[in-house]
Amino acid sequence: MITKPATLKGTRDFLPHQIAKRSYLFDTIRTVFQSYGFAPIETPAMEKSETLLGKYGEEGDKLLFRILNNGDFMEGVDTGASSASIASQISKRALRYDLTVPFARFVSQHRNELQFPFKRYQIQPVWRADRPQKGRYQEFFQCDADVVGSESLWHEVDFIQIFDEVLTRLGLKVFTIKMNNRKILAGLAEVAGHSDRLKDIAISLDKLDKVGKEQVILEWQSRGIDQEAIEKLSAIFAMKEKKSTEGLRALLAHSEIGLMGMDELDQVMAHAKALGLQSAKLEFDITLARGLDYYTGAIFEVVSDEVAIGSICGGGRYDDLTGIFGMPDMPGVGISFGADRIYDVLDQLQRWPADMMTVPDIIFMNFGEKEAFRCMQVMKEMRKMGYAAELYPSPVKMKKQLKYADDRGIRYVGLIGGEELSSGKITLKDMQEGSQESLELDGFKERMKRG
RNA sequence: GUGGUUGUAGCUCAGUUGGUUAGAGCGCCUGAUUGUGGUUCAGGAGGUCGUGGGUUCAAGCCCCAUCUUCCACCCCA
């Protein structure tokens with residue numbers, strides 16, 4: 001039986017022109033990361049299940065792709081157990097869900113080989129068993145930069161500049177870097193008298209933009225936040241509208257952690273603004289929560305204001321990511337570029353630079369055995385000069401050969417047929433101009449150098 | 001994971017209340033042009049109507065399942 005060819009849902013093939021665009025994107029990100037002192041690493045696509053499980057919350061666990069054990073995976077399995085238990089019995093490996101947790105494992109494992117603070121970047125695919133939508137895939141690339149082993153807030157300032165630099169270079173003109181601090185959210189929970197309910201308060205608050213404040217209040221109520229607390233928290237709504245921290249200090253006056261968050265936020269934003277940004281708008285957003293459980297300080301999210309596709313970058317600070325791998329007191333902060341979403345944004349906006357396809361500089365027409373051999377000799381010299389050259393592989397009709405050159409967007413065509421072979425000349429055709437000239441080998445080289 | 005939506009030629013899409021042989025544009029191939037592309041003209045190829053069942057004398061169209069797409073939740077890049 002023949003299987004109909006198809007990629008799995010949420011996954012895609014990449015054609016040469018798409019790879020060209022993606023490489024340009026990666027190269028831009030890589031260049032900027034390196035200019036800020038980050039060095040590349042790679043980790044395996046799969047990890048032990050226990051490395052990944054429980055790191056992304058309950059929802060995240062469900063989105064992990066599990067890998068079935070090899071061999072007789074049912075041997076000794078308690079089939080009466082729960083699905084989750086059976087799953088962990090028959091699957092000891094999983095595909096990575098992001099690059100941050102594998103990085104934490106990496107740092108802990110190689111701690112004696114690294115110099116701290118350690119700054120690494122990583123551009124690799126990740127997998128999530130999510131339901132696909134536009135800009136939402138089951139396999140996609142993340143481009144992460146993290147620094148571990150430093151509490152300095154200068155890193156936060158660096159990351160804001162990196163967002164600005166990369167996205168500006170890629171041609172995005174209108175985008176917003178949203179910033180908040182988990183300590184501020186913790187402070188709010190504290191003054192509301194619900195320190196233990198930080199997550200409930202933040203998750204509902206995060207939806208403010210979408211559902212409005214009445215709905216947020218309703219959701220708080222249903223999550224068991226009492227009326228007195230809600231009244232205190234309501235002061236937030238005004239701050240959200242003004243996008244300012246005005247009045248926030250007063251509200252957090254009795255929360256040590258809240259005030260600490262305020263200090264951090266003010267310091268980072270002030271420095272980032274003083275250094276200047278090219279295209280980015282930098283905004284405080286009290287409702288920004290982000291789901292990942294491990295964030296403890298600054299949190300970032302970048303959205304394009306030109307294309308509605310969700311966030312294109314994210315990031316934040318975590319005090320203790322490697323603790324679960326047996327390496328306590330290792331603070332870190334990092335960001336991630338969602339390459340595939342940025343790709344989609346650039347596609348939609350048609351912001352790709354021209355001439356990104358890797359196309360040879362010249363193609364030689366094939367007139368037969370002897371003529372082709374002469375072309376091979378000439379091409380050998382051309383390649384030494386740094387040109388990419390190729391020969392049409394078979395001596396078919398000129399029309400077909402030229403159309404091939406045209407379709408591929410190759411600018412120059414070299415013709416060495418019977419006439420040229422006997423006269424020792426080369427006919428060079430410029431496909432853009434539609435002109436052609438007959439040249440000696442030296443003149444031909446000169447002509448190519450002139451472009 | 002929940003609710004919805006989509007699928008017809010390589011691409012973008014028509015296809016009437018179920019009724020002969022499923023169409024168009026673009027693209028592709030061939031020729032006009034046996035050493036000249038992108039223009040023009042003439043001709044041609046290409047479809048298990050996503051897949052599998054079912055209802056019917058008859059299904060691209062109705063029903064069920066499944067895969068896929070996109071949307072809203074959820075969550076996120």
Asks: Taking atom types as modelled, find out whether A:Asp144 and A:Gln122 have a side-chain donor-acceptor pair closer than 3.5 angstrom.
Replies: no

Asks: Tell me: NZ of A:Lys210 to C1' of B:rC75, nearest whole Å?
Replies: 9 Å

Asks: Test side-chain hydrogen bond (donor to acceptor under 3.5 Å, both in side chains) on A:Arg12 and A:Thr7; report intermediate values, then the result.
Replies: CA-CA 6 Å; A:Arg12 301 142 297 153; A:Thr7 54; over 6 Å; no

Asks: Picking from B:rA77, B:rC73, B:rU30, which would you name as closest to the side chain of A:Lys400?
Replies: B:rU30

Asks: Return the nearest nucleotide to the side chain of A:Leu402; candidates are B:rA77, B:rC71, B:rG37.
Replies: B:rG37

Asks: Would you measure the distance from the C1' atom in B:rC67 across to the matching atom in B:rG52 and give it in whole Å?
Replies: 10 Å

Asks: Can you tell me if A:Tyr387 and A:Arg383 form a side-chain donor-acceptor pair at under 3.5 Å?
Replies: no

Asks: Exactly one of A:Phe65, A:Tyr56, A:Trp127 should register a ring pair (Phe, Tyr, Trp, His ring centres under 6.0 Å) with A:Tyr97. Which one does?
Replies: A:Tyr56

Asks: Map A:Gly338 and A:Arg131 onto RNA chain B by nearest heavy atom, then report which one ends up closer to the 5' terminus.
Replies: A:Arg131

Asks: Using a heavy-atom cut-off of under 4.0 Å over every strand shown, decide if A:Gly135 touches base, sugar-phosphate, or nothing.
Replies: base

Asks: Nearest to the side chain of A:Asp130, heavy atoms from C-beta on, is which of B:rU30, B:rC70, B:rC75?
Replies: B:rC75

Asks: Taking only the C1' atom of each, what is the distance from B:rA32 to B:rA14 in whole angstrom?
Replies: 33 Å

Asks: Could you tell me how far B:rG15 sits from B:rG19 if I compare only their C1' atoms? Round to whole Å.
Replies: 14 Å

Asks: Ignoring the backbone of A:Arg341, work out which of B:rU69, B:rU36, B:rC76 is nearest its side chain.
Replies: B:rC76

Asks: Which value, in whole Å, describes the distance between the C1' atoms of nucleotides B:rU20 and B:rG60?
Replies: 16 Å

Asks: So A:Gln133, base contact, sugar-phosphate only, or nothing? Heavy-atom distance under 4.0 Å.
Replies: base

Asks: Rounded to the nearest angstrom, tell me the gap between atom CE in A:Met398 and atom P in B:rG37.
Replies: 8 Å

Asks: Students often get this wrong, so: under 4.0 angstrom with heavy atoms, is A:Lys62 touching a base, only sugar-phosphate, or nothing?
Replies: nothing

Asks: Mind calculating the distance between CG (A:Leu170) and P (B:rA77) to the nearest angstrom?
Replies: 18 Å

Asks: Could you tell me whether A:Gly409 contacts a base, only the sugar-phosphate backbone, or nothing, with contacts defined as non-hydrogen atoms closer than 4.0 Å?
Replies: nothing

Asks: Counting only side-chain heavy atoms from C-beta out, which of B:rG37, B:rA77, B:rG35 sits nearest to A:Glu419?
Replies: B:rG35

Asks: Looking only at side-chain atoms of A:Lys397, point me to the closest of B:rC29, B:rG31, B:rC74.
Replies: B:rG31

Asks: Only stems of 3 or more consecutive Watson-Crick or G-U pairs count here, both distances under 3.5 Å; name the ones for RNA chain B, or none.
Replies: B:1-4 with B:70-73, B:10-13 with B:23-26, B:28-32 with B:40-44, B:50-54 with B:62-66

Asks: Any donor-acceptor pair under 3.5 Å linking the side chain of A:Lys55 with the backbone of A:Thr51?
Replies: yes

Asks: Tell me the interatomic distance from A:Tyr97, atom OH, to B:rC76, atom C1', rounded to whole angstroms.
Replies: 6 Å

Asks: Over all strands shown, is A:Gly310 touching base, sugar-phosphate only, or nothing at heavy-atom distances under 4.0 angstrom?
Replies: nothing

Asks: What's the CG-P distance between A:Asp407 and B:rC28, to the nearest Å?
Replies: 6 Å

Asks: Would you classify A:Ile416 as touching base, sugar-phosphate or nothing, given that sugar-phosphate means primed atoms plus P, OP1 and OP2, and contacts are heavy atoms under 4.0 Å?
Replies: nothing

Asks: Is the base of B:rG38 touched by the side chain of A:Asp406 through a donor-acceptor pair closer than 3.5 angstrom?
Replies: no

Asks: Judged by each residue's nearest nucleotide on RNA chain B, which is more toward the 5′ side, A:Ala129 or A:Asp206?
Replies: A:Ala129

Asks: Please determine, for the side chain of A:Met431, which listed nucleotide (B:rG37, B:rG35, B:rC74) has the closest atom?
Replies: B:rG37

Asks: Figure out the CG/P separation between A:Leu64 and B:rC75, and round it to whole Å.
Replies: 17 Å

Asks: Rounded to the nearest 0.5 Å, how far apart are CG of A:Asp340 and CZ of A:Phe141?
Replies: 7.5 Å

Asks: Do NZ/NE/NH1/NH2 and the carboxylate oxygens of A:Asp27 and A:Arg30 come within less than 4.0 Å?
Replies: yes

Asks: With a non-hydrogen cut-off below 4.0 angstrom, is A:Phe337 in contact with a base, only sugar-phosphate, or nothing?
Replies: nothing

Asks: If I pick the C1' atom on B:rA9 and the same atom on B:rA22, what distance separates them, to the nearest angstrom?
Replies: 11 Å

Asks: Return the nearest nucleotide to the side chain of A:Lys134; candidates are B:rU68, B:rC70, B:rG3.
Replies: B:rC70

Asks: Of the nucleotides B:rC73, B:rU36, B:rC28, which has the atom closest to the A:Gln436 side chain?
Replies: B:rU36

Asks: Under the 3.5 Å rule, do the base of B:rU36 and the side chain of A:Lys399 count as making a donor-acceptor pair?
Replies: no

Asks: May I ask you to check whether A:Glu419 and A:Ser423 show a side-chain donor-acceptor distance below 3.5 Å?
Replies: no

Asks: Could you tell me how far B:rU8 sits from B:rA59 if I compare only their C1' atoms? Round to whole Å.
Replies: 14 Å

Asks: Does A:Arg136 contact B:rA77 through a side-chain donor or acceptor facing the base, at a distance under 3.5 Å?
Replies: no

Asks: Would A:Lys21 and A:Asp347 pass as an ion pair if we require N to O under 4.0 Å?
Replies: yes

Asks: Starting from P on B:rC73, measure out to CD on A:Glu219 and report it in whole angstrom.
Replies: 12 Å

Asks: For atom P, what is the distance between B:rG18 and B:rU39, given to the nearest Å?
Replies: 44 Å

Asks: Starting at NZ of A:Lys9 and ending at C1' of B:rG50, how long is that distance when rounded to a whole Å?
Replies: 15 Å

Asks: Pick base, sugar-phosphate or nothing for A:Ile342, based on heavy-atom distances below 4.0 Å to the nucleic acid.
Replies: nothing

Asks: NA contact type, A:Gly60, heavy-atom cut-off 4.0 Å: base, sugar-phosphate, or nothing?
Replies: nothing

Asks: Taking it one step at a time, do A:Glu306 and A:Arg351 satisfy salt bridge (charged side-chain N to carboxylate O under 4.0 Å, His left out)?
Replies: CA-CA 12 Å; A:Glu306 298 172 283; A:Arg351 292 277 167 77; 2.8 Å; yes

Asks: In whole angstrom, give me the gap between the P atoms of B:rA42 and B:rG27.
Replies: 15 Å

Asks: Would a 4.5 Å heavy-atom cut-off, applied to side chains only, mark A:Glu283 and A:Met179 as touching?
Replies: no

Asks: To the side chain of A:Glu420, which of B:rG37, B:rA77, B:rG35 is closest?
Replies: B:rG35

Asks: Please answer whether B:rG35 and A:Phe367 are stacked, defined here as ring centres separated by less than 5.5 Å and planes angled under 30°.
Replies: no

